Protein chains: 2
Amino acid sequence: MSVKIKDISEHLGISVSTVSKALNGYDDVSQQTRSLVQETARTLGYRASASARNLRRGRTDKIGFVFNNALTFISDYFAEIIVGATAAAEQNDNNIVLYTNEGDSPDSLLNLVQAREVDGFILVWNHVPKAMIEMLLKANVPFVVLGRRVRHPMASYIAPDNYQGAKALMQHLFDLGHQRIGFTTRPSMGLTHEDRYQAYKDALAEANLPYIPELVVETKIEPLSGYHAMNTLLDLPNPPTAVFAFHDFVAIDAQRAALERGVRIPEDIALAGFDGLRLSLFTSPSITTVAQPLNEIGRESVYAILERIKDNSQPPIQKTLPVRLLPRQSTQG
Amino acid sequence: MSVKIKDISEHLGISVSTVSKALNGYDDVSQQTRSLVQETARTLGYRASASARNLRRGRTDKIGFVFNNALTFISDYFAEIIVGATAAAEQNDNNIVLYTNEGDSPDSLLNLVQAREVDGFILVWNHVPKAMIEMLLKANVPFVVLGRRVRHPMASYIAPDNYQGAKALMQHLFDLGHQRIGFTTRPSMGLTHEDRYQAYKDALAEANLPYIPELVVETKIEPLSGYHAMNTLLDLPNPPTAVFAFHDFVAIDAQRAALERGVRIPEDIALAGFDGLRLSLFTSPSITTVAQPLNEIGRESVYAILERIKDNSQPPIQKTLPVRLLPRQSTQG
DNA sequence: TTGTAAGCGTTATCAT
DNA sequence: ATGATAACGCTTACAA
């Protein structure tokens, strides 16, 4: 079997507690025994047993990362966040454990922490029901919502700044001379949508432009939604000169609709998406978008959950991270 | 604190060992006490402590998933594999723990298993040095290489069938009438490259077509490599009528080179990639490619590692999974 | 500075 | 069918 503290202790003829202390950097060990212990540990190939240590310490140094599969079709999004999160975790001597919690009960989430599998978790869902949030708060388990703001004042989250991003995007369109700007919206399911929509409206108001209801097309969350939306807009007697699509996939579909009708982008109509998926760079024309700082979102979420784990009674951590406008061909030729 | 076996035992006035047995489905407990225990466990909200159980059982029911960051720029690849792996793990009462092991020593890999953080691990690297493989084998830690074949006869791997995929792709090009087919290769770093290259050569031979050295362009692994390769091929006095790019990113770059020269795809030159990244669907024209069964690769790797964990002395599991040709516009208009 | 010993929450062996 | 108890490997009062 593997080498344990006891082996070192016997090998050196000193007690296990001294070995443990030496290994864990306590200061009540002589310099000499410390280095002796450390060296034998190395030569013997000693590795502390994670479970034993966890059991004793009452923590796992593991962070749950709970995602639902629906998310993963946006693989750019998902992958980069994971990478950022994993790296941040490791730098803090923690690790990420993956869980797919497909619309499961909050109960099974509690399970994770209560079974002391992880010390806390990061929720990566496209929508976190209010009841779930409240249950988690009541159970006092450390958690952080990643990627979207949450309405509850006590819930922690790390999210992109959708509002400012959408504002910047609108400004970009204004700067290019657009005044009739379409917006593809969706059934509101939370603040991600609302923030972008509100920014659209505020930007118009601030530019002294009217809000024109028929320029706002509601799409369902389904494939081709952008395709239909674009067609609806182009069918208008007086179509917009630019379209702000709720996100990149919608924009890509919208682009196809335009191309099929022989409507040129950006000459006849400008088009922009949101989220900064890599896909939007490879279409022809490439699509202007607003990039989320995905790696950073992953990283900050880890920092946040580590804080929550340290002391879950602190005020919640609610952070929106700045996003970046990526002007591309679909708006500026 | 949380509910433990002892609480149930005291609550019911029976011993902890009986409770444990009832909970774990041993058959030497009366039906009556069993259901009694199960019910109280539920009402009290009992969750077995993972660390205590792990310590006692000597295993963790966790699988390490070790990736290096270089990989993650292929986010499609990465994300879908992770999803497949996570789901498969959960269905077998295991979980995936993420580790980024950026070119680290094999030592730190051993660490994972020897510290009993995980029972075994899946290696997701673009290249696994031979020395590393041998060290892992010698240390007798359960591991599986994901996504690429490995030369060592005792190493387990789950990989796409690059050879048959490349063969199918070549056949597709033959069927379209191509006889002069370019290939962008790369400094050989392992079987992934060799399999595709070998298939290219074998396909030519089987079709009684000559292998023409100047049609094979070596690219470096770097951005724009495909761009340069395509230019090299188009500069030939007698350029190929079709190009098989080593993988999708290379193909995308190659496409750009062609477009910039006014060379039309597929009319003037057909183009195909490999791997089936989603990106290749959104370019104009969309790029013919060979899709890896990513979800399945993730899943099968989990099955494989679970087998290794069960008994690491069994013969290695070496599996290539069938890939799927996706004919698109870049070859057939 | 070092050692002794209790305890973390389970599971498994052996009695009863 | 049930219970007492040791053991898993570690950390940490507390004693020496």
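This is a predicted model, so every value here is computed, not measured. Just so it is clear: chains get the letters A, B, ... in the order the sequence lines come, proteins before strands, and each one is counted from 1.
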Provide the full list of salt bridge (charged side-chain N to carboxylate O under 4.0 Å, His left out) pairs with a residue in residues 307-319 of chain A, sequence neighbours left out, each pair given once. A/Glu300-A/Lys319, A/Glu307-A/Lys310

Would you check if the distance from the ring center of A/Tyr99 to the ring center of A/Phe65 is below 6.0 Å? no

With sequence neighbours excluded, residues passing salt bridge (Lys or Arg N to Asp or Glu O under 4.0 Å) with [X]:
{"X": "A/Arg149", "value": "A/Asp195"}
{"X": "A/Arg59", "value": "A/Asp61"}
{"X": "A/Arg47", "value": "B/Asp107"}
{"X": "B/Glu90", "value": "none"}

By side-chain contact (heavy atoms from CB on, under 4.5 Å), B/Asp28 pairs with (sequence neighbours left out) B/Lys21, B/Tyr26

For A/Thr40, all residues meeting side-chain contact (heavy atoms from CB on, under 4.5 Å), sequence neighbours excluded: A/Ile8, A/His11, A/Leu12, A/Thr43

Between B/Ser15 and B/Thr18, is there a side-chain donor-acceptor contact under 3.5 Å, judged purely by atom types and distance? yes

Round to a whole Å and report the spacing from [atom1] of [X] to [atom2] of [N].
{"X": "A/Ile5", "N": "C/dG3", "atom1": "CD1", "atom2": "P", "result": "13 Å"}
{"X": "A/Asn24", "N": "D/dA13", "atom1": "CG", "atom2": "C1'", "result": "15 Å"}
{"X": "A/Leu23", "N": "D/dT12", "atom1": "CG", "atom2": "C1'", "result": "15 Å"}
{"X": "A/Arg47", "N": "D/dC10", "atom1": "CZ", "atom2": "P", "result": "13 Å"}
{"X": "A/Leu12", "N": "C/dG3", "atom1": "CG", "atom2": "C1'", "result": "15 Å"}
{"X": "B/Asp7", "N": "C/dC8", "atom1": "CG", "atom2": "C1'", "result": "14 Å"}
{"X": "B/Arg116", "N": "D/dC10", "atom1": "CZ", "atom2": "C1'", "result": "10 Å"}
{"X": "B/Lys6", "N": "C/dT10", "atom1": "NZ", "atom2": "C1'", "result": "13 Å"}

Close residues, residues 50-63 of chain A, relative to DNA chain C [heavy-atom separation under 4.0 Å]: A/Leu55, A/Arg56

Examine D/dG9: is either OP1 or OP2 under 4.0 Å from a nitrogen or oxygen in the side chain of A/Tyr46? Give yes or no. no

Who are the side-chain hydrogen bond (donor to acceptor under 3.5 Å, both in side chains) partners of B/Thr192, not counting sequence neighbours? B/Arg148

Close N/O contacts between protein and nucleotides 1-3 of chain D (under 3.5 Å):
unit_1, atom_1, unit_2, atom_2, d
D/dT2, OP2, B/Ser30, N, 2.9
D/dT2, OP2, B/Ser30, OG, 3.3
D/dT2, OP2, B/Thr33, OG1, 2.9
D/dG3, OP2, B/Ser15, N, 2.9
D/dG3, OP2, B/Ser15, OG, 3.3
D/dG3, OP2, B/Thr18, OG1, 2.9
D/dG3, N7, B/Ser17, OG, 3.1
D/dG3, O6, B/Lys21, NZ, 2.5

Which part of the nucleic acid, if any, lies within contact of A/Ser20, taking any heavy atom under 4.0 Å across all strands shown: a base, the sugar-phosphate backbone alone, or nothing? base

Per-pair distances, 0.1 Å, donor-acceptor, side chain in residues 132-140 of chain B, under 3.5 Å, sequence neighbours excluded:
unit_1, atom_1, unit_2, atom_2, d
B/Asn140, OD1, B/Asn312, ND2, 3.0

If an axis is fit to five pairs at each end of the helix from C/dT1-D/dA16 to C/dT16-D/dA1, what is the angle between the two, to the nearest 10°? 40°

